[in-house]
Amino acid sequence: MATSARRDEPLRDTLRQNRGAARGIRRPAWTGQAALPRVPASPSTPLRNTPAMRLSQYFLPTLKETPAEAQIVSHRLMLRAGMIRQSSAGIYSWLPLGFRVLKRIEQIVREEEDAAGCQEVLMPTIQPAELWRASGRYDDYGAEMLRIKDRHDRDMLYGPTNEEQITEIFKAYIRSYKHLPKLLYHIQWKFRDEVRPRFGVMRGREFLMKDAYSFDLDYAGAERSYRKFFVAYLRTFARMGLKAIPMQADSGPIGGDMSHEFQILAETGESKVFCDKAFLNFDPLQSDIDYDGNLKPLVDRWTGLYAAADEKHDPAKCPVKGDQLLEARGIEVGHIFYFGTKYSAPLGANVDGPDGKSTTVHMGSYGIGVSRLTGAIIEASHDDAGIIWPESVAPFRVGLINLKTGDAKTDALCADVYAKLRQKKVEVLYDDRDERAGAKFADMDLIGLPWQVIVGPRGAAVEKVEVKNRRTGERAEMSVDQALTKVAG
RNA sequence: CGGGGCGUGGCGCAGUCUGGUAGCGCAUCUGCUUUGGGAGCAGAGGGUCGUGGGUUCAAAUCCCGCCGCCCCGACCA
């Protein structure tokens, strides 16, 4: 058998690599292979399985130059920080750093939905056309819906939303008003075949969305459910460090009456918004919420102030005068609406009421763009050097920078700080690469971890480290113990 | 979907008008020197120039078709 040139390639590559390894040659940050950790006999299943990471082993392909296709700042920074990789127009893979942020955001959304009494389910991405024919939307939805056929030539679709699906589930099991209200949500990938996807994950075709659905006996009940989500949304966005303003909205193609969209304020936002400056003083996290109590006063407080997106704003009719009117740019990150029996009626979602009569349930649906939020947060929180993550969604809380790997004292001090942070369960990314100081500073600023602990030979000689706050830029030298306290939060 | 632009090594670009050995910077690999804000020198590897056809002695370059991506607008979480 002839030995082809191609056949020789892998062998040569292997030899080359082995030679490199034997000499202790460093590999780029994201190609290194870590020794696999020993698996304990009875492994636990923590939510986060990588609380700490060495950058020399981490897959973090940062870019110095900006890819040409990215126009807006969040898209540029997500590509440069190695968070995502475009697969095709409006469709992205999530790399480790981006995926961590996505999971963080998802988890905050989940916690606040759960707190409001909403229960998590998971519905499929692929749905049967039949379901959508029943609601009449199979024909109404248009080309934005990705239609596919299975091997039996049955019409299927990649779900752009899940009203029909959830209504079918509800209908199958719930027969009595005694089981109402029911609040259900899921966090699932959706697909809308946008004519023109753009702005990176802010307007992709495939996107991760939390969509919740409420089922109530009547309008009054639906109103109570609506308020729960209204409040949960205020808390959700506030926890991500965002200023979200609820604005009266059209209910769009899904249809309905009561509707608000939640716009976060960001200088680079997609549309102009106008609102009362008093909003800025509201803090949704100030007080505990009793979701079983009366939420009307709280919702009224938020809806009592003027807020309008560009197309709804009429300067002549605006009640807010002069300085008190805030003109800003916004990004829509959530949308809630009540739509009555729009789906429950055609799909036959009825329950028996107290009077023994069958009643069509009142529904509402409540969306949050989870993947979009990743970009939106960056739009709201960045500077020239890169991303500035709010602590609640940061992929790691602390970046530990070793300014001179190979220097015994510096290495030892870094190892000490790294171990202590892990002990304190502080998520840390340790830059132990053999790179120049400047490159490390630049990368760390770019990926935007809230805290940097900088260790160099100068400080190591006197057992001091430098702590830098990414947001304020404030930096100070201090002992390891002081640094741990400062950074642990 | 209307209008415009662009596809050349992993990234950013030149070369196309006027056809004639495929280049530059960054990144990567090797060696030496460097080391507190994206290092220097020397060497090396890597590209069927989006794709199919056509014209020609010869095509990244000219012609036709197709595909992909980006921007503006209308539309949207």
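Letters A, B, ... mirror the listed sequences (proteins, then strands); counts begin at 1.
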Of the listed nucleotides (B:U35, B:A77, B:G12), which one gets closest to any side-chain atom of A:E65?
B:G12
Do A:R471 and A:S381 get their side chains close enough for a donor-acceptor pair, meaning under 3.5 Å?
yes
Can you name the atoms? Protein N/O to nucleotides 36-39 of chain B N/O, anything below 3.5 Å, with the distance.
from: B:G36; atom 1: O6; to: A:G459; atom 2: N; distance (Å): 3.3
from: B:G36; atom 1: N2; to: A:E466; atom 2: OE1; distance (Å): 2.6
from: B:G37; atom 1: O6; to: A:R475; atom 2: NH2; distance (Å): 2.1
from: B:G37; atom 1: N1; to: A:D445; atom 2: OD2; distance (Å): 3.3
from: B:G37; atom 1: N2; to: A:D445; atom 2: OD2; distance (Å): 2.7
from: B:G38; atom 1: O4'; to: A:A439; atom 2: N; distance (Å): 3.4
from: B:G38; atom 1: O2'; to: A:K64; atom 2: NZ; distance (Å): 3.1
from: B:G38; atom 1: O6; to: A:R80; atom 2: NH2; distance (Å): 3.0
from: B:G38; atom 1: N1; to: A:D443; atom 2: OD1; distance (Å): 3.2
from: B:G38; atom 1: N2; to: A:D443; atom 2: OD1; distance (Å): 3.3
from: B:G38; atom 1: N2; to: A:D443; atom 2: OD2; distance (Å): 3.3
from: B:A39; atom 1: OP2; to: A:R436; atom 2: NE; distance (Å): 3.4
from: B:A39; atom 1: N9; to: A:R436; atom 2: NH1; distance (Å): 3.3

Ignoring hydrogens and angles, tell me if any N or O in the side chain of A:R76 forms a donor-acceptor pair with the backbone of A:P67 under 3.5 Å.
no
Pairs flagged by ring-ring contact (aromatic ring centres under 6.0 Å, His included) wherever residues 385-412 of chain A is involved - sequence neighbours left out
A:Y58-A:F396
Without decimals, in angstroms, what is the distance between A:K404 NZ and B:U34 P?
10 Å
How long is the line joining CZ of A:R76 and P of B:G12, in whole Å?
13 Å
Watson-Crick/G-U partner (both atom distances under 3.5 Å) of B:U55:
none
Mind checking side chain to side chain donor-acceptor pair (under 3.5 Å) for A:Y430 and listing every partner two or more places apart, or none if nothing turns up?
A:N402
Re B:G36: Watson-Crick or G-U wobble partner, both distances kept under 3.5 Å, found to be none
Under a 3.5 Å cut-off for both distances, is B:C24 Watson-Crick or wobble paired, and to whom?
B:G12
For B:C66, give the paired nucleotide (Watson-Crick: N1-N3 plus N6-O4 or O6-N4; G-U: N1-O2 and O6-N3; both under 3.5 Å), or none.
B:G50
I need the CD-P distance between A:E194 and B:A74, as an integer number of Å.
14 Å
Whole angstrom value for the distance that separates P of B:G31 from CG of A:D434
13 Å
Tabulate atom names and distances for all N/O pairs under 3.5 angstrom spanning the protein and nucleotides 5-9 of chain B.
none

For A:E463, all residues meeting side chain to side chain contact (heavy atoms under 4.5 Å, CB included), sequence neighbours excluded
A:L413
From CG of A:L146 over to C1' of B:C76, roughly how many Å is that when rounded to an integer?
17 Å
Complementary nucleotide for B:G73 - Watson-Crick or wobble, under 3.5 Å:
B:C1
Calculate the interatomic distance between A:I105 atom CD1 and B:A77 atom C1'; express it in whole Å.
14 Å
By side chain to side chain donor-acceptor pair (under 3.5 Å), which residues pair with A:K409, not counting sequence neighbours?
none
Going by the rule side chain to side chain donor-acceptor pair (under 3.5 Å), which residues pair with A:T167 if we only count those two or more places apart in sequence or in a different chain?
none
Which side-chain N or O atoms in residues 442-454 of chain A pair as donor and acceptor under 3.5 Å with protein atoms at least two apart or in another chain?
from: A:D443; atom 1: OD1; to: A:T62; atom 2: OG1; distance (Å): 3.1
from: A:D443; atom 1: OD2; to: A:R433; atom 2: NH1; distance (Å): 3.3
from: A:D443; atom 1: OD2; to: A:R433; atom 2: NH2; distance (Å): 3.1
from: A:D445; atom 1: OD1; to: A:Q452; atom 2: NE2; distance (Å): 2.8
from: A:D445; atom 1: OD1; to: A:K468; atom 2: NZ; distance (Å): 3.0
from: A:D445; atom 1: OD2; to: A:K468; atom 2: NZ; distance (Å): 3.4
from: A:W451; atom 1: NE1; to: A:E391; atom 2: OE2; distance (Å): 3.0

Side-chain heavy atoms of A:K190 within contact of A:D211, under 4.5 Å
yes
Contacts of A:D383 meeting side chain to side chain contact (heavy atoms under 4.5 Å, CB included) (sequence neighbours excluded), chain-then-number -> A:A385, A:I388, A:R470
Is there any protein nitrogen or oxygen under 3.5 Å from a nitrogen or oxygen in nucleotides 67-73 of chain B, and what are the pairs?
from: B:C69; atom 1: OP1; to: A:A89; atom 2: N; distance (Å): 2.8
from: B:C69; atom 1: O3'; to: A:Q86; atom 2: NE2; distance (Å): 3.3
from: B:C70; atom 1: OP1; to: A:Q86; atom 2: NE2; distance (Å): 3.3
from: B:C70; atom 1: O3'; to: A:E69; atom 2: O; distance (Å): 3.4
from: B:C72; atom 1: OP2; to: A:R196; atom 2: NH1; distance (Å): 3.4
from: B:C72; atom 1: OP2; to: A:R196; atom 2: NH2; distance (Å): 2.3

State which residues pass salt bridge (charged side-chain N to carboxylate O under 4.0 Å, His left out) with A:R329; sequence neighbours excluded, sorted by chain then number.
none
Using whole Å, what does the distance between atom C1' of nucleotide B:A77 and atom CD of A:E261 come to?
10 Å
What integer distance in Å separates A:Y141:OH from B:C75:P?
16 Å
Test side chain to side chain donor-acceptor pair (under 3.5 Å) applied to A:E164 - qualifying residues, sequence neighbours left out
A:S135, A:R137
Look through every strand shown and name the nucleotide pairing with B:G31 as Watson-Crick or G-U wobble, where both distances are under 3.5 Å.
B:C41
